[in-house]
Chemist: 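Have a look at this one before I ask anything.
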Amino acid sequence: MNRALYARRRMRNSVFLTLSVAAAIFGIAWLALILYALVTQGLQALSYHIFTEMTPAQGSTGGGLINAIAGSLIMSSLAVVIGTPIGIFGGTYLAEYGRHSVLSVIVRFINDILLSAPSILIGLFIYQIAVAPMHGFSAWAGILALAAIVIPVVVRTTENMLHLVPNTLREASAALGSPRNHVIRTVTWRAARAGIVTGVLLAVARISGETAPLLFTALGNNGWSSDTLALGKHLAVNYPSMDSPMASLPLVIFNFASSADDWQHHLAWTGALIITFAVLTLSIVARVFGSEREL
Amino acid sequence: MVNNEAVEDLAAAGQHRHAALVRFARGDMRFRTMTQLAAFLVVLIFLGIIITLAIGAMPAIKAFGWEFLTTSTWNPVTEKFGAFPMIYGTLVTSALAMIVAVPVGIGIAIFLTELCPRQLKRPIGIAVELLAGIPSIIYGIWGFFIFAPFFQATVEPWLIDLFANVPILQDLFAGPPYGIGIFTASLILSIMILPFISAVTRDVFATVPPILKEAAYGLGCTTWEVMWRIVLPYSRSGVVGGAMLALGRALGETMAVTFVVGNAHHINISLLAPGTTISAAIANEFAEALGDLYIPSLIYAGLILFFITFIVLASAQLMLRGLEARSGGGSK
């Protein structure tokens, strides 16, 4: 009887372990298929024109993605510039001043919800406050939407990283007579720097692929709107207009993939390849940065 | 006899000290207020979402009331709107995605914690985490150009034939094979949340104290018994919490779904038929919506999505918090 029981247990063990191996192979196979399609399809239209020419109109071949790439870079970097300080300050409050305050409990709870909240709702929110009242889509609206996504990510990582800083460091600094803001700026922030940078990089990776919040804020642009700033009589500088719709890579992918034009499909794939490459590179850099801290 | 000079010195030093302390206190107060304002901004964004959505949706709320939730018409011409097909599509795609992704995701986590050869553990673990960060539009475009045509040509006709004479299933898998539809969207969603579930579950499994597992192995348990009877019960709330987080993402996912769901505002019993979800409808129609009630109706639907995801994400957090407190990491 014992032998039968052992056999049954061993049997069940191997059945379920085989299933879990199968699950791993199944999951990884799908993801490999996606990456494979991305590379093979994306390389078809990849040439230096992608980085030098504007997005083409429907029906014409040629052209590139430079306006979309530039738009993505501009909007993402400004969103990070706006969102990062707010995120770091917010995370600092949670970890340092308000560790156990009621506000912190509420902020933590809400922050974690915003972290996974549907990003399209962020787009609706910004539409209501920055697009509808101004009667127009604009790059600024897109930047605000992306910044609203950056803030919760940075708040969460900053708080977590500051918690890892040993209290003895704070106490030592305070014992030397430093006021608290000085302790935070010169000791705890410095000790947690690598982790905070990791968080910011992850936030960049997150927003560089975001499409939904830009759909009705930045809207997209098949060309490039610029404003001119006159500097004296003979000198004028063109700069990207932040009050007009602006292109971005994810938006171009969305619009081109849903068009009926074969060439636009190719460009959409190439854009997808560029974004994925950028996001994976950022996550790897973030990981290297983060692991240095642990050493 | 009193040394006047010494007293004056002392008084001057005291004043100095006092001035410095006041300066310190002011500087610190300013800094503290700034951090507090930043933290409060998070709350403000959250309240802003609720309030602006509610205001934007007001005309539709007044016009349709609660019936909006149960009405199936979606007619921009006559301005009759109801969100039932969208809500149905959102819930069904997410539920189907969870049915596929949760067991497979837990399987991958088991593989990573117990079975994977040591040399492969880190590379596969990192790969899973990196894949969790791939933007959802990539899944969307892949689903639209590669997966849906393949599915339409092979799997869907096969499913239709297979269940042709089985009651219930023959209705759920009734033809014709469109390629895009609720079922395709669910599968793309499940592939998308899979890395996320695996990564969270693996991290939660790692919180199980090794001594518990070693004790079980020492009593002669098989690997499966250790996983099923020790690791899973111990980490249950974490696994459920992680799955709820994934569900929250699936419910609000826009780009992966918009491409493949079909964008049809009606309910079909067949899972192979096109449908729509709240986020897909907003993404597709918002920028081109005209009329007094069209945009408010879409925002109303967004408000409903907000409440659904809020409930799911809030309960996910409560579960994960409970786990944190128990595993001693309750410093957060």
Side-chain angles (χ1 to χ4, degrees), chain A residues 9-10 12-13 16-17 19-21 23-24 26-27 30-31 34 37-38 86 89-90 92-94 97-98 103 106-107 109-114 116-118 120-121 124-125 128-129 148 151-152 155 163 179-181 205 209 211-212 215-216 219 250 253-254 257 268 272 275-276 279-280 283, chain B residues 24 27-28 31-32 34-36 38-39 41-43 45-46 48-49 52-53 56 104 107-108 110-111 115 130-131 133-135 137-139 141-142 144-146 191 194-195 198 222-225 245 248-249 252 254-255 259 279 282-283 286-287 299 302 305-306 309-310 313-314 317 331-332:
Chain A
R9 285 175 56 199
R10 229 177 270 136
R12 177 175 297 187
N13 186 43
F16 281 108
L17 292 190
L19 280 179
S20 99
V21 175
F26 175 81
W30 281 122
L31 299 161
I34 293 177
L38 201 58
I86 298 175
F89 273 90
T92 305
Y93 179 78
L94 296 185
Y97 287 110
L103 176 65
I106 298 170
V107 170
F109 180 75
I110 285 175
N111 191 67
D112 281 1
I113 288 192
L114 285 181
S116 331
I120 194 161
L121 297 181
L124 279 184
F125 165 52
Q128 293 283 0
I129 63 168
I151 293 171
V155 166
H163 273 309
R180 199 146 177 204
N181 60 339
T211 321
L215 282 172
F216 25 81
L219 190 71
I253 296 173
F254 180 59
I275 286 191
T276 312
V279 169
L280 289 184
S283 328
Chain B
F24 280 3
D28 193 47
F31 189 75
R32 187 196 155 102
M34 269 162 72
T35 62
Q36 204 163 4
L41 192 69
V42 172
V43 182
I45 293 177
F46 181 80
I49 294 176
T52 56
L53 288 188
V104 177
I108 294 177
I110 292 178
F111 173 79
L115 303 172
L130 289 182
L131 289 166
I134 288 188
I137 190 162
I138 307 296
Y139 293 93
I141 180 175
W142 179 79
F144 184 61
F145 285 121
I146 311 272
I191 296 172
L194 189 55
S198 317
T222 61
T223 309
W224 169 252
E225 284 162 350
L245 272 185
R249 296 213 162 175
T254 312
M255 299 326 288
F259 277 109
S279 49
I282 298 174
F286 196 87
I299 296 179
L305 176 64
F306 186 81
T309 46
F310 177 80
L313 293 172
Q317 265 201 62
S331 62
K332 260 190 204 170

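By convention in this document, chain letters (A, B, ...) are assigned in the order of the sequence lines, proteins followed by strands, and residues within each chain are numbered from 1.
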Chemist: Can you find a heavy atom in the side chain of Leu124(A) that is under 4.5 Å from one in the side chain of Phe286(B)?
Modeler: yes
Chemist: Relative to chain A, which segment of Leu115(B) carries a heavy atom at a distance below 4.5 Å: side chain, backbone, both, or neither?
Modeler: side chain
Chemist: What's the spacing between Ile138(B) CD1 and Ile275(A) CD1 if we round to 0.5 Å?
Modeler: 5.5 Å
Chemist: Taking every non-hydrogen pair under 4.5 Å, which of Ala257(A), Ser283(A), Gly209(A), Pro250(A) racks up the most with chain B?
Modeler: Ala257(A)
Chemist: Measure distances from Val21(A) to the heavy atoms of chain B and classify the residue's part below 4.5 Å as side chain, backbone, both or neither.
Modeler: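 For Val21(A), heavy atoms of backbone and side chain both lie under 4.5 Å from chain B.
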Chemist: Heavy-atom pairs under 4.5 Å with chain A are the metric here; pick the option from Ala39(B), Ser279(B), Gly248(B), Gly302(B) that has the most.
Modeler: Ala39(B)
Chemist: Considering only heavy atoms from C-beta outward, does the side chain of Ile253(A) approach that of Met255(B) to under 4.5 Å?
Modeler: no
Chemist: Given a strict heavy-atom distance threshold of 4.5 Å, which part of Ile151(A) is in contact with chain B: side chain, backbone, both, or neither?
Modeler: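 Ile151(A) touches chain B through side-chain heavy atoms alone.
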Chemist: Within a strict 4.5 Å, meaning less than it, do heavy atoms of the Arg32(B) and Asn181(A) side chains meet?
Modeler: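 Contact flag for Arg32(B)/Asn181(A) side chains = no.
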Chemist: Under a 4.5 Å heavy-atom cut-off, does chain B meet the side chain of Phe216(A), its backbone, both or neither?
Modeler: side chain
Chemist: Which atom pair, heavy atoms only, marks the closest approach of Asp28(B) to Arg180(A)?
Modeler: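 So the minimum-distance heavy-atom pair works out to OD1-CB, 3.3 Å.
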Chemist: With a 4.5 angstrom heavy-atom cut-off, could you sort out which part of Phe144(B) is near chain A: side chain, backbone, both or neither?
Modeler: side chain
Chemist: What is the distance from atom CD1 of Ile134(B) to atom CG of Leu38(A), rounded to the nearest 0.5 Å?
Modeler: 7.5 Å
Chemist: Got a second to check how far Leu41(B)'s CG is from Tyr93(A)'s OH, nearest 0.5 Å?
Modeler: 14.5 Å
Chemist: Tell me, side chain or backbone of Thr223(B) under 4.5 Å from chain A's heavy atoms, or both, or neither?
Modeler: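 Looking at Thr223(B), backbone and side chain both touch chain A.
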Chemist: Heavy-atom pairs under 4.5 Å with chain A - which of Phe145(B), Phe306(B), Phe310(B) has more of them than the others?
Modeler: Phe145(B)
Chemist: Are the side chains of Leu280(A) and Leu131(B) in contact, using a 4.5 Å heavy-atom criterion?
Modeler: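 Answer no - side chains too far apart.
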Chemist: Under a 4.5 Å heavy-atom cutoff, which of Ala37(A), Ala117(A), Pro179(A), Ala24(A) has the most pairs with chain B?
Modeler: Pro179(A)
Chemist: Could you tell me whether the side chain of Leu103(A) reaches within less than 4.5 Å of the side chain of Gln36(B), counting heavy atoms only?
Modeler: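 Result yes, sub-4.5 Å side-chain heavy-atom pair found.
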Chemist: Let me confirm one number: the CD1-CH2 distance from Ile34(A) to Trp142(B), rounded to the nearest 0.5 Å.
Modeler: 4.5 Å
Chemist: Is the shortest side-chain heavy-atom distance between Val279(A) and Pro135(B) below 4.5 Å?
Modeler: yes
Chemist: Hey, does Ile45(B) have a side-chain heavy atom less than 4.5 Å from the side chain of Phe125(A)?
Modeler: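 Contact flag for Phe125(A)/Ile45(B) side chains = yes.
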Chemist: Rounded to the nearest 0.5 Å, how far apart are CZ of Phe26(A) and CG of Leu194(B)?
Modeler: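 Taking CZ in Phe26(A) and CG in Leu194(B), the distance rounds to 7.5 Å.
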Chemist: If we define contacts as heavy-atom pairs under 4.5 Å, which of Asn13(A), Ile106(A), Ile120(A), Leu121(A) has the most with chain B?
Modeler: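 That would be Asn13(A).
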Chemist: Which atom pair, heavy atoms only, marks the closest approach of Ser116(A) to Leu313(B)?
Modeler: CB-CD2, 3.7 Å
Chemist: Once rounded to the nearest 0.5 Å, what's the spacing between atom CZ of Phe89(A) and atom CZ of Phe31(B)?
Modeler: 5.0 Å
Chemist: Taking all non-hydrogen atoms of both residues, which atom of Ala23(A) and which atom of Gly107(B) are closest, and how far apart?
Modeler: CB-CA, 4.0 Å
Chemist: For Ile129(A), is it the side chain, the backbone, both or neither that has a heavy atom under 4.5 Å from a heavy atom of chain B?
Modeler: side chain
Chemist: Do Thr211(A) and Thr254(B) come within less than 4.5 Å of each other through their side chains, counting heavy atoms only?
Modeler: no
Chemist: Using every non-hydrogen atom in the two residues, find where Gln317(B) and Ile113(A) come nearest and quote the distance to one decimal.
Modeler: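 So the minimum-distance heavy-atom pair works out to NE2-CG1, 3.3 Å.
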Chemist: I need the minimum non-hydrogen distance between Leu219(A) and Ala287(B), along with the two atoms involved.
Modeler: CD1-CB, 4.3 Å
Chemist: Could you report the tightest heavy-atom contact between Val107(A) and Val43(B), atom names first, then the distance?
Modeler: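 Heavy-atom minimum between the residues: CG2-CG2, 3.6 Å.
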